[in-house]
Visitor: 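Have a look at the structure that comes next, please.
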Number of protein chains: 2
Amino acid sequence: MKNKELLLVPGPTPVIDEIYDALANETRGHTDPRFVAIYKNAIEQTKQLLQTDGEVFIVAGSGTLAMEMAIVNTIGKGERLLVISHGYFGDRFKPLAKAYGIEVDVLQAEWGKQVDPLLVEETLTQKEYKAVTITHADTSTGVLSDLDILVPLIKKTGALVILDGVVATAALDENMSKSYGGNAEYKIDIVLTGSQKAIGIPPGLAIIAFNQTALKARDALGEVAAYYCDIKNWIPIMQDPSKYFATPPVNLIYAYQKAMDIVLEEGIKQREQRHIAFGRGIRAALRTFGMKPLANEEVSAPTLSCILYPEGVDDVAFRTLLSHKGIIVAGALAHLAGKAFRIGHMGNTTAEMLEQAIRSVGEVLHELGVEVNQELALQSFKEELLLIGQTH
Amino acid sequence: MKNKELLLVPGPTPVIDEIYDALANETRGHTDPRFVAIYKNAIEQTKQLLQTDGEVFIVAGSGTLAMEMAIVNTIGKGERLLVISHGYFGDRFKPLAKAYGIEVDVLQAEWGKQVDPLLVEETLTQKEYKAVTITHADTSTGVLSDLDILVPLIKKTGALVILDGVVATAALDENMSKSYGGNAEYKIDIVLTGSQKAIGIPPGLAIIAFNQTALKARDALGEVAAYYCDIKNWIPIMQDPSKYFATPPVNLIYAYQKAMDIVLEEGIKQREQRHIAFGRGIRAALRTFGMKPLANEEVSAPTLSCILYPEGVDDVAFRTLLSHKGIIVAGALAHLAGKAFRIGHMGNTTAEMLEQAIRSVGEVLHELGVEVNQELALQSFKEELLLIGQTH
């Protein structure tokens with residue numbers, strides 16, 4: 001591994017040597033047939049990952065830009081958006097939608113919990129929403145959404161389902177051809193993400209998929225107040241990447257295509273199982289250290305965890321000592337700052353990396369005067385992996 | 001050199017090993033103090049390059065996104081934009097501005113020529129324009145703008161000067177503190193570019209600078225119909241990159257900062273002289289082959305040239321044979337397609353690379369039955385370099 005440290009923040013995530021090598025491959029012109037073939041492949045692989053017969057867009061940008069593309073291309077000025085938020089990142093849709101004159105309501109869960117589905121159902125009966133966003137897993141709280149409950153509730157109102165797949169896409173199943181709630185028409189309409197989370201390449205790409213229903217919604221809007229974000233400008237290029245709209249980030253697309261090779265080779269079902277095992281395992285291990293996850297296990301994301309400190313453990317001291325051992329984790333956000341840390345366990349992360357992280361966390365806690373049982377922690381991690389048929 | 005080919009299209013341009021190495025450095029978190037220092041340095045270096053006391057923005061995107069940031073943050077719905085266009089890329093401002101309900105007029109030059117300044121002056125008296133865009137060098141035609149003439153004409157009307165520095169920034173002087181036309185207030189207000197032209201890193205970054213006048217124009221607009229493109233969301237981050245708005249493309253910023261080291265070490269004055277010499281030299285050499293530049297020498301861009309084929313030379317045959325020798329040039333656009341090719345000579349391109357290109361072009365012409373004098377061509381190139389004090 002080229003990495004000298006373990007980047008276990010909830011994104012960017014560890015980039016492996018194969019991907020760094022692809023990233024630094026010779027830059028070619030964006031209309032060079034050799035690059036065009038790679039770009040085309042990257043688009044096709046993403047369609048395969050998400051099982052969509054719609055359109056996939058891979059452009060220079062960030063997850064925030066992908067959120068904007070979702071909103072701008074589906075919801076007109078004066079129409080309504082409902083945001084189902086399990087933490088900090090759902091809230092971002094609010095100023096974004098407001099900038100476009102969209103009416104927006106936010107259902108914000110208590111941090112660490114899901115929004116009550118009854119509240120979602122009730123809210124959806126009160127106003128007519130053009131679309132509803134679901135944060136698949138929230139980067140700030142580590143809370144996972146329950147798509148089986150939410151998608152049918154939303155789709156029965158006729159609203160579009162926009163799934164924010166940041167810290168989820170390529171780790172969790174986001175099958176856009178899947179029907180929810182026993183109705184063939186109840187499907188996820190849009191999935192969006194960034195490159196630096198569970199896909200595992202450096203940041204710099206906005207990735208978004210529209211199904212046919214979402215594409216029809218774009219058509220119905222006519223002209224939109226956007227240019228780079230307007231998918232109509234990109235559709236011809238995504239259908240034939242030898243065409244030109246705005247220059248694609250050639251080297252990041254090399255890296256992305258390599259990452260898609262890795263993702264599809266592992267397989268999304270297997271990949272989801274691995275992430276579930278990692279999530280359960282890391283939380284089980286940390287619990288033995290007296291470190292309590294913010295979210296209950298049944299609503300915890302497989303990709304990252306927000307972990308409350310035991311009494312007396314100082315956030316800065318803990319993360320600094322841990323970084324000296326080469327393990328980088330993130331602080332908590334907003335009112336949890338100082339009270340918890342966040343650890344990512346997604347993408348190219350391996351069981352070996354997580355075992356090393358557990359050992360190092362144990363050592364740091366010991367240095368800070370907290371009694372720990374390293375063997376028990378590692379055993380708890382391994383048991384969760386075995387329970388779900390993961391070995392390494 | 002890691003590159004096995006010479007990428008002499010008018011962007012992306014040759015990336016050198018030092019920059020590839022920076023690009024593939026270990027990805028760190030975007031709030032990691034080590035990355036924050038690099039990002040901060042990249043912003044400061046860009047301010048130094050452009051000599052601005054305003055704000056510089058470096059974000060994931062393309063040159064097109066930088067064009068959009070310029071327009072969205074300065075011109076309100078119903079206000080007017082004038083575009084001074086010397087080819088294909090000026091025209092892009094038209095649909096972009098229209099998407100935002102901006103009234104736009106375009107002064108399009110005959111390809112290969114500049115827009116007549118008298119026409120610019122006359123047009124500016126007919127309507128009140130909020131801003132005027134100038135393409136510093138046009139990627140489609142290789143025509144250079146005359147800022148000494150255009151900037152005073154525009155500024156005396158009170159309009160903002162937006163300089164499209166794609167294929168110019170970091171090769172040509174774009175000093176934002178310079179006064180034009182003997183008036184202390186007549187300055188360039190905005191410079192925008194992409195990463196893959198004269199800066200010489202892979203595509204994926206939108207770079208834009210606003211002076212204080214342009215920043216005031218943003219303030220006066222109040223709320224704008226944009227989110228990622230709204231510079232108000234980015235100002236706090238550009239002033240203190242430890243803050244967060246949308247995740248920066250960490251590895252591309254490593255590469256960009258390395259490129260800025262190289263640019264500032266060479267110095268912008270020296271760099272401009274080098275590019276002028278390269279432009280004159282390559283065109284002088286190609287003229288000896290009977291290949292005529294589209295633009296007259298006095299309006300030719302130092303960074304790229306659009307070269308008309310001699311009678312009987314087939315575009316596809318020429319470029320294919322040249323690519324077999326490892327030299328990649330671009331076809332011409334629009335009505336010139338098939339009649340001309342475009343060659344970039346900017347950024348990390350060296351005199352040795354251009355000599356190799358001249359030799360290879362000569363060989364290909366010879367293979368296609370055109371008589372050439374290689375020695376004369378190379379001598380013409382070297383003489384132009386010597387005239388301007390360039391040696392290697």
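Every chain is numbered from 1 and lettered A, B, ... according to where its sequence line falls, protein lines coming before strand lines.
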Visitor: Under a 4.5 Å heavy-atom cutoff, which of B:Ile19, B:Asn25, B:Leu205, B:Ile201 has the most pairs with chain A?
Guide: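 Ranked by contacts with chain A, first place is B:Asn25.
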Visitor: Which one of B:Thr13, B:Ile328, B:Asn251 has the most heavy-atom pairs closer than 4.5 Å to chain A?
Guide: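 The residue among B:Thr13, B:Ile328, B:Asn251 with the greatest pair count is B:Asn251.
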Visitor: Using non-hydrogen atoms and a 4.5 Å limit, figure out which bit of B:Gln196 sits close to chain A: side chain, backbone, both or neither.
Guide: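 Side chain only.
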Visitor: Under 4.5 Å from any heavy atom of chain A, what part of B:Tyr100 do you find: side chain, backbone, both or neither?
Guide: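 Only the side chain of B:Tyr100 comes within 4.5 Å of chain A.
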Visitor: State which residues pass side-chain hydrogen bond (donor to acceptor under 3.5 Å, both in side chains) with A:Lys325; sequence neighbours excluded, sorted by chain then number.
Guide: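 Partners of A:Lys325 by the side-chain hydrogen bond (donor to acceptor under 3.5 Å, both in side chains) criterion, ordered by chain and then number, come out as A:Glu363, A:Glu367.
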Visitor: Please work out which of the three classes, parallel, tilted or perpendicular, describes the rings of A:Phe245 and A:Trp234, given edges at 30° and 60°.
Guide: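 Rings of A:Trp234 and A:Phe245: perpendicular, over 60°.
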Visitor: Check each atom of B:Asp21 against the heavy atoms of chain A and say whether the ones under 4.5 Å are side chain, backbone, both or neither.
Guide: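 For B:Asp21, there is no contact with chain A at all, as no heavy atom is under 4.5 Å.
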Visitor: So for A:Phe89, is it side chain, backbone, both, or neither that comes closer than 4.5 Å to the heavy atoms of chain B?
Guide: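 Side chain of A:Phe89 only, per the 4.5 Å heavy-atom cut-off to chain B.
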Visitor: Does anything in residues 90-97 of chain A get under 4.5 Å of chain B by heavy atoms, and if so which residues?
Guide: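 From residues 90-97 of chain A, the residues near chain B are A:Arg92, A:Pro95, A:Leu96.
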Visitor: Is it the side chain or the backbone of A:Leu252 that comes within 4.5 Å of chain B heavy atoms, both, or neither?
Guide: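 The answer is the side chain of A:Leu252.
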Visitor: Using non-hydrogen atoms only, which part of B:Val224 is less than 4.5 Å away from chain A: side chain, backbone, both, or neither?
Guide: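 For B:Val224, backbone heavy atoms alone lie under 4.5 Å from chain A.
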Visitor: With A:Lys232, which residues qualify under salt bridge (Lys or Arg N to Asp or Glu O under 4.0 Å), at least two apart?
Guide: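 By the salt bridge (Lys or Arg N to Asp or Glu O under 4.0 Å) rule, A:Lys232 matches A:Asp219.
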Visitor: Of the backbone (N, CA, C, O) and the side chain (C-beta and beyond), which part of B:Phe35 lies under 4.5 Å from a heavy atom of chain A, both, or neither?
Guide: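 Answer is neither: B:Phe35 stays 4.5 Å or more from chain A.
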Visitor: Which residues from residues 65-76 of chain B are near chain A, with near meaning under 4.5 Å between non-hydrogen atoms?
Guide: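 Listed by number: B:Leu65, B:Glu68.
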